[in-house]
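Let me begin by presenting the structure, written as structure tokens, before commenting on it.
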Amino acid sequence: MRKLLCSLIMYCSFLSAEPCAQPADSLEYYQKRNELQTLKNEQIRTAIRAADELAEQEFYTEALDLLNEISPAILREDSPDTPPEKKEPAAEVIWRILSGADYYYLEDISKSDTSDQEARDSIQVLQEEPFALYGKASLEFLPRSVYIHSLKPSVYIANNRTSVGAGAEFRFFEKWVHAEIYGKAEKQLMRNDEFHGDSKDTSDLLEYETRLEIQNLHRDGLIGFSAPFSINNRIYRNNRPGRVSLRDYSGNPFVEYTSGDFKKTFNTGVFWQYKDYYDRDTAIPDSNSVDSLDVYRIGPTITANMLFNRITAGFLAGFLHERFTQSNTIDMRNEYELTARIRAKINELFLVALAADYLYNHEEYDQAFAFSITDTVYDTIPPGIIIPSYQSGELLFPTDYSLFGSFTKFVPGIEITPSPFLLLSLDMPVSYRNYNAVDPVGDSRFAVTQYIEENSIAFEPQIGLRIAPEHFDFRIYCAYLHENIYEKAYYYESSNRGIRTGGALYWLLFDLFALSGSGEFQRKHYEKDNRVSNNASVSFSVSVKL
């Protein structure tokens, strides 16, 4: 539901760039659409028409969600075109085979900002071998049982990782209660880098998850509810940055209203999560773990999605409170989020769009800074500072302070559609960061300035071309980045200029066979030391559904 704001993700955001993520959503959408359009039911046809409107404007995720949420009760209804006597379908077995290759090349990565454990969760890719040649086979068994909905074993084999997993889904009480269990065992070959020395080693992972949901969405009227709850446990043989054992408890109960024509949806709920990080330490007698960090989150959200004749609009408002109960630095964080997007089709040729995001962060810290005592340090202690502890040649400065600020982004854009299958786009995102910076220990020479993000303003215009007949989607894009950091703190990344270009492709054949690929190249120039960095990523895969 939420994404942590950490500078590492900003540096290597091209690994999950939106243009590269769309085709997978498109593929799943068309597969689901083709599956449902064979059913002769007017409500299903209405839902497909609404989903098509979303898909036409590239909201594939929302379109797929709409189709996935069609009531099982609706799917069971007989239509006038369907014989009244209908046999229950036999058990079905679906094989999915996937093979492909991934490669990344990174020069512009800063690890100095990843001391927080949750930020380290985002840097797993840095420890993997940059080239991966993989194959995956999975089986989905649909027994058509009253209680067992599906069984899903799978195996994944690559030059840098091997894993075996299995999952099962159950439904009870006329499908009001959904239950899922999942488990995976993985062995991964780690690369040579500063995280683990000069020699390669392996990372062993055992993961299992249980999910329970009580729901009544789009079944008995226009108002539905859902109360999901999940427990995830990840156990690593050896903890390292990005791979730390944890237990994750989360839930997101919500109430949803959907109009009869599926064109208006309003959702309100509360997200909560508790993450318990722990270090496995066999050196401590009679102990299996040592707490390293606990994170608790809770916050309400309100979303609205509306389809009109030529306008698609979506809104989100949310608040998230985070408390770090075992951290020796940050105590808590409050995050306020507002998001709006509107797309208006002027005529058959032009479409205008506007997306706006506002994020406000407030963080509270309670920590201590320790420094070794020397004669020079004694001479630089400002008058009025009280030294509460002195032991073994150290000065300890406990301090409380707050950090706050906001991130605002506007993305106006225009799309030109010369033909139903051809689209030209121009997006002009402008982002503005405004955060305070504080010196928590006074104006001494060893004071370290603290801040959440660099204060900056950035402009990144992007042009794109898309060719998208049904079952085929090809796009290329090119962007120019102009970023000014106008207030530099103690540590800073200099203002920079850069270019980013890439593309993505998927092709679905016969509803069974699919090709997909994506790639991106990014080049940045930093004014601070006249440094130039290059980043690149390439991915290709072939999948078969039998």
Side-chain angles (χ1 to χ4, degrees), residues 20-41 44-45 47-48 51-52 54-55 58-70 72 75-76 87-102 132-145 148-158 161-171 178 180-184 186 209 211 467-475 504-518 538-546:
C20 299
Q22 288 276 3
D25 295 333
S26 307
L27 174 62
E28 293 183 20
Y29 166 72
Y30 283 121
Q31 288 177 329
K32 186 67 175 181
R33 182 186 186 279
N34 292 344
E35 176 186 333
L36 291 178
Q37 69 180 357
T38 60
L39 303 175
K40 299 176 181 180
N41 181 283
I44 295 176
R45 293 192 183 106
I48 290 177
D52 285 342
L54 288 169
E58 299 187 56
F59 294 146
Y60 290 110
T61 301
E62 290 79 358
L64 181 61
D65 288 344
L66 193 157
L67 296 183
N68 285 332
E69 291 177 357
I70 293 178
L75 297 179
R76 291 196 303 267
K87 294 182 179 180
E88 187 71 18
E92 184 178 3
V93 177
I94 301 174
W95 281 95
R96 290 182 173 88
I97 302 173
L98 173 70
S99 64
D102 294 324
L133 183 64
Y134 61 87
K136 179 180 179 180
S138 62
L139 167 66
E140 184 175 5
F141 176 61
L142 306 174
R144 308 298 182 183
S145 167
I148 304 176
H149 180 260
S150 65
L151 303 173
K152 302 176 182 179
S154 65
V155 59
Y156 177 93
I157 300 175
R161 179 191 307 169
T162 300
S163 66
V164 178
E169 182 178 353
F170 307 91
R171 296 181 179 180
H178 293 188
E180 296 180 39
I181 57 175
Y182 172 78
K184 181 178 74 171
E186 178 182 278
E209 181 173 2
R211 185 176 185 272
I467 303 173
E470 190 173 3
H471 297 180
F472 181 84
D473 195 332
F474 170 74
R475 67 189 70 197
L505 164 72
Y506 97 91
W507 189 7
L508 176 64
L509 300 172
F510 313 114
D511 298 331
L512 300 176
F513 181 77
L515 302 174
S516 63
S518 64
V538 179
S539 177
F540 176 77
S541 66
V542 180
S543 62
V544 179
K545 177 183 176 182
L546 302 177

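Source: prediction; values computed, not measured. Computation of the quantities below employed the complete heavy-atom set of this structure, encompassing side-chain atoms and omitting hydrogens, waters and symmetry-equivalent molecules.
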Atom [atom1] in [X], atom [atom2] in [Y]: separation rounded to 0.5 Å?
X: S138; Y: K545; atom1: OG; atom2: NZ; answer: 10.5 Å
X: W507; Y: S516; atom1: CH2; atom2: OG; answer: 13.5 Å
X: E169; Y: E140; atom1: CD; atom2: CD; answer: 8.5 Å
X: Y134; Y: T162; atom1: OH; atom2: OG1; answer: 14.5 Å

ask   = How far apart are the closest heavy atoms of H149 and L142, and which atoms are they?
value =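 Shortest heavy-atom separation between H149 and L142 comes out as O-CD2, 3.4 Å.
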Nearest heavy atoms of A91 and F141, plus distance in Å =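 Closest pair (atom of A91, atom of F141, distance): CB-CE1, 4.0 Å.
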request  = Using the test side chain to side chain contact (heavy atoms under 4.5 Å, CB included), find all partners of A168 that sit at least two apart in sequence or belong to another chain.
outcome  =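 Only L151, F170, I181 meet the side chain to side chain contact (heavy atoms under 4.5 Å, CB included) criterion with A168.
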inquiry  = With side chain to side chain contact (heavy atoms under 4.5 Å, CB included) as the criterion, how do L508 and Y506 come out once you've worked through the C-alpha distance, each side chain's angles and the decisive distance to 0.1 Å?
reply    = CA-CA 7 Å; L508 176 64; Y506 97 91; 4.1 Å; yes
Heavy-atom check, side chain of L98 versus side chain of Y156, under 4.5 Å =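 A side-chain contact under 4.5 Å is absent here.
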inquiry  = A quick test of your reading: do over 12 heavy atoms of other residues, nucleotides or ligands sit less than 6.0 Å from NZ of K136?
reply    =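 No, the 6.0 Å shell around NZ holds no more than 12 heavy atoms from other groups.
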key: Worked check of side-chain hydrogen bond (donor to acceptor under 3.5 Å, both in side chains) between S518 and S539   = CA-CA 5 Å; S518 64; S539 177; 4.5 Å; no
V93/L139 under side chain to side chain contact (heavy atoms under 4.5 Å, CB included): CA gap, chis, key distance, verdict = CA-CA 7 Å; V93 177; L139 167 66; 3.0 Å; yes
